[in-house]
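These notes concern the structure reproduced below.
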Amino acid sequence: MKIQGPKGTKDVLPSQAYKWHYIESKIRELCSINGYYEVRTPVFEHTELFERGVGETTDIVQKEMYTFMDKGGRSITLKPEGTAPAVRAFIENNIFNEPQPTKMYYITPCYRYERPQAGRLREFHQFGIEAFGTQDPYIDAEVISVGMALFKTLGIRNLELRINSVGCPKCRKEYNAKLKAFLHPELLHLCKFCQDRFNTNPLRILDCKEEKCKERLANAPYMLDNLCDDCKTHFEGLKKGLDIIGLDYIVDPKIVRGLDYYTKTAFEIVSNDIGSQGTVCGGGRYDGLIEVCGGPSTPGVGFGLGLERLLLIMESQGISIPEQEKIQIFIAAMGEKANDMAMKLMFMLREASIRAEKDYLSRSLKAQMKYANKIKAKNVIVIGDEEIQKEIIRIKNMENGQEVNVPLNNIDEIIKEMER
RNA sequence: GUGGGUAUAGCUCAGUUGGUUAGAGCGCCAGAUUGUGGCUCUGGAGGCCGUCGGUUCAACUCCGACUAUCCACCCCA
């Protein structure tokens with residue numbers, strides 16, 4: 001019986017890995033320019049970190065985590081997101097004692113037990129950044145700008161930046177009461193999902209796509225209109241910050257984040273090109289999270305960005321990625337002696353950092369030429385008895401078909417000829 | 001967790017109203033005079049038609065279950 005990869009996982013094959021390398025290199029370059037430094041945290045953490053950090057009531061914690069007992073009887077969970085582990089590392093290593101803000105980024109696999117669909121896997125990869133230690137709304141704008149800059153450098157178009165404020169614990173509590181008071185008499189007229197949401201996540205009701213719900217909720221109060229002075233000032237600061245750096249945005253009072261830790265700023269970057277899972281980047285501020293995880297009261301802001309979704313958008317927009325480097329020279333050999341010579345020559349060329357390759361399947365010369373063509377080798381060296389005897393090899397340029405003779409033992413000359 | 005689609009060669013897919021040796025294109029391998037690729041031509045390998053059960057004289061084709069996969073809901077990156 002054939003063994004398959006687990007549901008919701010995807011191999012990145014050798015012929016495709018260059019796409020990931022390309023995106024990762026762009027990310028690292030961008031983070032460096034913006035002053036974010038990489039943090040690498042384990043793929044698994046104590047379950048409690050996510051229960052506290054992500055929130056006990058969230059779908060992620062309640063039904064989507066890969067949780068198991070290790071042999072020491074500890075409850076372990078594969079990370080479902082990157083922020084909580086980054087926060088844990090920040091606290092555990094006392095980074096809060098260093099000059100603030102602390103700006104870090106990560107590229108990491110994440111695990112969520114969900115039904116796979118377009119743009120959603122059980123193992124997926126996230127690029128995220130976090131800025132700890134300041135409440136300045138301009139750093140919220142900076143964080144958003146890093147996400148937007150990545151899309152820009154990759155040539156991705158047609159994205160929408162949507163921003164909102166989800167308030168702070170103080171004003172959210174008042175607002176929740178107000179919202180529930182509004183919703184309660186409407187409850188029977190809403191769809192069954194919304195009736196469930198009333199208890200679990202009333203904010204989500206505002207985002208329901210059912211027509212009848214939309215009608216009933218036309219006059220519902222929004223968090224955005226009920227912010228306390230502090231949160232209101234912060235949101236104005238964010239908008240001003242985005243204006244200053246010239247980022248277009250849409251204020252969308254319906255944006256809700258699914259993780260409990262968000263406060264004030266919430267934002268999404270959305271694409272219409274990849275099906276229903278259009279949010280490619282989502283994030284916001286989480287001023288209570290570090291304290292909840294056992295650290296000193298410290299504000300923070302960040303985002304997570306799905307790399308598979310990023311790749312999907314690039315694919316659907318026909319954005320080309322520089323291909324991986326091809327073999328520079330293929331060494332075709334005829335006969336045992338020539339094969340030994342090819343082996344030696346190949347390693348000498350590689351020592352000189354030339355991407356050289358030879359035949360390993362005892363193919364005929366013709367088949368070796370075909371193979372060289374197929375792997376897009378730029379040049380082919382042909383070695384046979386005649387060449388060994390004369391100590392001269394022939395280099396063929398595969399683009400124009402021209403051949404030249406070069407002394408067998410002169411690596412410099414060979415390299416010069418093939419770069420011609 | 002809920003709903004819908006799909007399952008035939010390595011890949012993308014055909015396969016007539018159930019009927020006898022299951023096909024194509026691409027890919028792979030080998031040839032087209034003796035030591036040279038791309039184009040073309042010829043040949044070859046490769047399928048328990050997802051699995052199990054049922055209907056039938058007869059099932060790739062019809063029915064059921066299971067599994068896998070895709071898409072959508074939920075939710076999220």
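Convention: sequence-line order gives letters A, B, ...; per-chain numbering from 1. Computed from a predicted model, the values in this text were never measured in an experiment.
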Ignoring the backbone of A:R112, work out which of B:A77, B:A30, B:G35 is nearest its side chain. B:A77
Polar side-chain contact A:E387-B:G35 base: donor and acceptor under 3.5 Å: yes
Should A:T298 and A:F90 count as side-chain neighbours, where that means a heavy-atom distance under 4.5 Å? yes
Give the intermediate values and the outcome of ring-ring contact (aromatic ring centres under 6.0 Å, His included) for residues A:F303 and A:F127. CA-CA 8 Å; A:F303 68 67; A:F127 157 52; 5.6 Å; yes
Pairing string, 5' to 3', for RNA chain B - Watson-Crick or wobble contacts under 3.5 Å, brackets [ ] where pairs cross, | to another strand: (((((((..((((.....[...)))).(((((.......))))).....(((((..]....))))))))))))....
Out of B:C71, B:C70, B:G37, minimum distance to the side chain of A:K396 belongs to B:G37
Rounded to whole Å, the CD1-C1' distance (A:I274 to B:C71) equals 14 Å
Roughly how many Å apart are B:C52 and B:A68, using the C1' atom of each and rounding to a whole number? 15 Å
Send over the distance from A:E403 CD to B:G37 C1', rounded to a whole Å. 11 Å
Using the C1' atoms only, state how far B:U61 lies from B:G18, rounded to an integer number of Å. 6 Å
B:G23 versus B:A14 - spacing of their C1' atoms, nearest Å: 7 Å
pi-stack flag for A:Y371 and B:G37, centroid dist under 5.5 Å, interplanar under 30°: no
Restricting both atoms to N or O, compile the protein contacts to nucleotides 41-45 of chain B shorter than 3.5 Å, with distance only.
none

On a whole-Å scale, what distance lies between the C1' atoms belonging to B:C29 and B:A45? 7 Å
Interatomic distance, A:F50 atom CZ to A:T58 atom OG1 [nearest 0.5 angstrom]: 11.5 Å
Nearest to the side chain of A:Q117, which nucleotide is it out of B:C73, B:G37, B:G35? B:C73
Can you tell me which nucleotide in B:A77, B:U36, B:A30 comes closest to the side chain of A:A367? B:A30
Using atom P of each nucleotide, how far apart are B:C41 and B:G25 to the nearest Å? 10 Å
Show the distances under 3.5 angstrom between N or O atoms of the protein and N or O atoms of nucleotides 66-69 of chain B.
| unit_1 | atom_1 | unit_2 | atom_2 | d |
| --- | --- | --- | --- | --- |
| B:U69 | OP2 | A:K7 | NZ | 3.2 |

Considering only atom P, compute the distance from B:A58 to B:U20 and round it to an integer number of Å. 15 Å
